[in-house]
Amino acid sequence: MGKQLSMAASIFFMAIVALTAIGEAAIVEHTFVVHEMNMTHLCNTTKVYVVNGQLPGPQLDVTDGDTVIVHLVNQLPHGVTIHWHGIRQLRSCWADGAGYVTECPVPPGGNRTYRFDVAGQVGTLWWHAHVTCLRASIHGAIVVRPKDGRYPFPTPARDVPIVIGEWWTLDLVELDRRNLDGNFEDDPLSATINGELGDLSNCSGVPEESFVLDVERGKSYLLRFINTALFSEYFFKVAGHTFTVVGADANYLTPFRTDMVTIAPGETIDVLMVADAPPGHYHMTAVANQPPPPDLQIRALSSSGLVRYAGARADNNGLPVPAPRMPGQHDTMPSYYFRGNFTGLAFPGRHRVAAHVDERLFVTLGLGSICRGGKKDCKLRRSNETITVATMNNVSFHHQTAASLLERYYDGNGEGVYTEDFPDNPPRPYNYTDMDLIPVGPLEEVLEPTTKAIRIRRFKYNTSVEIVFQSTSLLQSDPNPMHLHGYDFFVLAQGLGNFDPKKDPKKFNYYNPQLRNTVHVPRVGWVAIRFVTDNPGMWYLHCHFEFHIVMGMATAFIVEDGPTPETSLPPPPPGFQRCGTNGFSKP
C-alpha cells in the first residue's frame, strides 16, 4: 500500500552501501536521501518524510570497532540533521547530529557527511532526525554485533528489529509549530510496529496490514525493540510467549524472564523469544501507557502484528488468533516493576562505578509558564497571556535557531548566546509529588512562573557526576525518559515519591548497575545516575517525549578538554559545514 515505490524511484533511493575492511575493523558507508513520499493508511493518503523510501529507514549493521560514514542528502523543503542515538561519539562530538547544539541543520538541497567510530558497544541503538518532530518518520535501527560473534546468551536463529512508532497525518513541522505555541491537542491516529498499523485498525472495514514475524518451533529469536514514538511509553506482548531480557541501550543486562516489555521513547531493549508454542498464529500487541486524568490525555493508541509458525495452516486451524491481555492504558506500575529487574551483566573488564562523587545535581522535571510576547508580568497564569513550558530546576531551555552551541563554545564566543549557570538544585524545595499541584490553584501558582533561557553546565574532564532526576506533579505527572548524548551512565536506583537524600542512597546498586544512555524517570518518582566526564564536547541532555523537548525540558553539558590530545575535542573534521547567517549549515 503506502510503502510501494515505482521501480525507477526504488533504484534512485536505494542506499549506497560500501564495506571496506581495515584489518579486523571495517568502514561501513551509506547514503541517506531524505525526501517526501505519499503513504496511504486509514483511507487517507498522507505526505510523509522518509529516508531512501523506507519507513522505518535503512538499518545500519556494524561490528564493534567499525567506522561508520553516512552521506546525508536533504531533498526536504526543511532543514534536517541526523542524530546517532546512543553512539558514544568519543572525540567526535561534531558528528552527534543534535540540531543547533552540535551543528546547524543541513538546508534544503544540501548535504553533509557524518563519520564516527563504534567502540565498546554491542546491541541495539538507533538513528533519527533531530530537528522539530521529524523523528516520527525519519528513523532506523543501528545493530552493533560483537567482534568475535559471540553473545553471553544462546545464539539466536536470527535477530529482528521491532520498531514501535506512531502514525501521524498532521504535517510534522506544523505539529512542532503548534507545540511551541502551547497547543497540545494533536494526537497520532495509531501506533505502529515496523511501520505497519496492524489489523486493530481498518479502512472501511478492511484491516490494515500487519508486521508478520515468521518463526520455526524450537528456535530462539533476538527481538531488538526501539521506541521511536513522540509521546508515549509502550507495553508489548506476544500471546502465548515469554521473553528473556538480555540487553538495553547496547549494554548487556543480567537476563530475566517476563511476559511483557515496557519501553519508553528513546530506549532500546533486546530480548530473546523462544518459539515454543503449538504451531499456529499468535498476535503481538503494543499499547501506549499514559498517566491517568487529570493529566493531559491523548487517545488510546495500539498496534498489532502476527507471529506465524512454519507449517501452520493459513486459517490457523479454524481457530481465532489469540491476543495477549494487556495492562490498562493508565496503569503505570507495570513499567516501574519491569524496570526494577534491570541490572548490568557483570563480567571481567566491565566499567566500574566511580567510588567518589565530585559534583551532585538534584534536577526536578515538571511544567511551568512564561508570559507571551516577552512580557515580564502576566496576571492570568495558564490563560491566553501565558505559554506552558517544560522545565528542569525551573529553567525552560530556549532552543537556538541561528547558531550551534558547540561552535560557539569551540570558538570561545558563547557570550550572549548561553550562560554556564544551570542550577544544581531547584530554586525552592517543595513536596514535588503532591498531586494537588496538577490542577490550577494557589499552591501551584506560586511554583508555576519560570524563565526561558540557555543555561548550561560546565564540567572539568574526568569529573564524577551524580544526578538525581525527580519527576514532579507540577501541572502534570508524566514520567520522563531522560537521554544524555555522548555518554552511557550507571543507573544506581529508582524510587517512587520524593527522593530522600539520607535514606535512598542506601538503596544504590554499586555492584552491577545497568549502563544506559536513556533512563525512564517514573511518574512522580526519581532515578539516580552516575557517570565520569571522559568525553569532551557539548552534550545535549533532554527528555525524549517530543513535546517536553519542544517545551524546554533540556539543557547541555560542556565537558572540558583533558590533559592530552587524546583526551581533547579535536577541531571540526575536514568538510564540516559551519553555521551560516540563515541558521543552516553553509555548503
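The shortest heavy-atom contact between Asp561 and Tyr461 is O-CB, 3.6 Å. Heavy atoms only, all atoms of each residue included: Pro479 and Phe545 are closest at O-CE1, 3.0 Å. Nearest heavy atom pair, residue Thr388 against residue Leu367, reads CG2-CD1, 4.1 Å. Scanning both residues, His35 and Gly53, for their nearest heavy atoms gives NE2-N, 2.9 Å. A pairwise comparison of heavy atoms in Val118 and Val68 identifies CG2-CG2, 3.9 Å as the closest pair. Across Phe32 and Pro58, no two heavy atoms sit closer than the pair CE1-CG, 3.6 Å.
We find the OH-SG distance between Tyr49 and Cys133 to be 11.0 Å, quoted to the nearest 0.5 Å. Rounding to the nearest 0.5 Å places CG of Asn251 at 9.5 Å from CD of Gln514. To the nearest 0.5 Å, the span separating CZ on Arg516 from CZ on Arg339 amounts to 7.0 Å. With rounding to the nearest 0.5 angstrom, the CG atom of Leu42 is 8.5 Å from the OG1 atom of Thr169. A distance of 9.5 Å separates CZ in Arg178 from CG in Asp171, rounded to the nearest 0.5 Å. The CG atom of Asp488 sits 7.0 Å away from atom CG of Asp249, with the distance rounded to the nearest 0.5 Å.
Residues Glu407 and Phe576 form a side-chain contact, since some pair of their non-hydrogen atoms from C-beta on lies under 4.5 Å apart. Counting heavy atoms from C-beta outward, Arg115 and Thr67 have side chains that approach closer than 4.5 Å. Residues Phe557 and Leu484 meet the side-chain proximity criterion, which asks for heavy atoms closer than 4.5 Å. Contact annotation: the side chain of Phe469 approaches that of Leu541 to within less than 4.5 Å [non-hydrogen atoms, C-beta and beyond]. Using a 4.5 Å heavy-atom cutoff, the side chains of Ile142 and Gln59 are not in contact. Side-chain contact between Met538 and Tyr410 is absent, with no heavy-atom pair separated by less than 4.5 Å. Residues Met482 and Val519 are in side-chain contact: their nearest non-hydrogen atoms beyond the backbone lie under 4.5 Å apart. Asp424 is listed as a side-chain neighbour of Arg457, based on a closest heavy-atom distance under 4.5 Å.
Partner of Phe116 under the side chain to side chain contact (heavy atoms under 4.5 Å, CB included) criterion, out of Ile69, Ile87, Asp96, Asp66: Ile87 alone. Considering Ile82, Asp176, Val80, Thr81 in turn, Val80 is the only one that fulfils the side chain to side chain contact (heavy atoms under 4.5 Å, CB included) rule with Leu134. Checking Thr228, Thr192, Leu301, Asp187 one by one against Glu166, the side chain to side chain contact (heavy atoms under 4.5 Å, CB included) holds for a single residue, Leu301. Remark: of the listed residues His544, His542, His483, His483 is the sole one forming a ring pair (Phe, Tyr, Trp, His ring centres under 6.0 Å) with His83.
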From CA spacing to verdict: side-chain contact (heavy atoms from CB on, under 4.5 Å), Val287, Tyr234: CA-CA 5 Å; Val287 173; Tyr234 277 84; 5.5 Å; no

side-chain contact (heavy atoms from CB on, under 4.5 Å) evaluation trace for Val465 with Phe489: CA-CA 10 Å; Val465 179; Phe489 46 75; over 6 Å; no

Chi angles and distances behind the side-chain contact (heavy atoms from CB on, under 4.5 Å) call for Asn44, Leu189: CA-CA 11 Å; Asn44 289 300; Leu189 294 188; 5.7 Å; no

side-chain contact (heavy atoms from CB on, under 4.5 Å) for Phe422 and Met392? Distances and angles first, verdict last. CA-CA 9 Å; Phe422 179 80; Met392 298 172 62; 3.9 Å; yes

The test is side chain to side chain donor-acceptor pair (under 3.5 Å); show your working for Ser303 and Glu196 and say whether it passes. CA-CA 8 Å; Ser303 180; Glu196 302 288 4; over 6 Å; no

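For the pair Gln75 (side chain) and Val33 (backbone), a donor-acceptor distance under 3.5 Å is absent. The main-chain N or O of Thr463 is found under 3.5 Å from a side-chain atom of Thr533 such that the two form a donor-acceptor pair. For Thr555 (side chain) and Arg455 (main-chain N/O), a donor-acceptor pair under 3.5 Å exists by modelled atom type. A distance-only check finds no donor-acceptor pair linking the side chain of Asp64 to the backbone of Pro146 [under 3.5 Å]. Remark: side-chain polar atoms of Asn227 are paired, donor with acceptor, to backbone N or O of Ala229 under 3.5 angstrom. Checked by atom type and distance alone, the side chain of Asn462 never pairs as donor or acceptor with a backbone atom of Lys460 at under 3.5 Å. Side chain of Gln121 to backbone of Gly86: a donor-acceptor contact under 3.5 angstrom is found. The main-chain N or O of Leu365 is never found under 3.5 Å from a side-chain atom of Ser471 such that the two would form a donor-acceptor pair. Judged by distance alone, with hydrogens and angles left aside, the side-chain atoms of Asn194 form a donor-acceptor pair with the main-chain N or O of Val163 at under 3.5 Å. When atom types are taken as modelled, the side chain of Asn52 and the backbone of Thr31 share a donor-acceptor pair closer than 3.5 angstrom.
Relative orientation of the Trp126 and His128 rings is tilted, given thresholds of 30° and 60° on the angle between their planes. Note: Trp84 and Trp127 have tilted aromatic rings, judged against thresholds of 30 and 60 degrees for the angle between ring planes.
A cation-pi contact links Arg88 to Tyr487, judged by a cut-off of 6.0 Å to the six-membered ring centre and 45° from its axis. The side-chain tip of Arg112 points at the ring of Tyr114 from less than 6.0 angstrom away and within 45° of straight on.
Side chains of Glu233 and Thr262: no donor on one and acceptor on the other come within 3.5 Å. Inspection of the Ser396 and Thr391 side chains reveals no N or O donor paired with an N or O acceptor under 3.5 Å. In summary, the side chains of Glu209 and His41 do not present any donor paired with an acceptor at a separation below 3.5 Å, with no hydrogens or angles considered. With hydrogens and angles left out, the side-chain atoms of Thr124 and Asp270 include a donor and acceptor closer than 3.5 Å.
Scanning for disulfide (SG to SG under 2.5 Å) contacts around Cys104 gives Cys579, with sequence neighbours left out.
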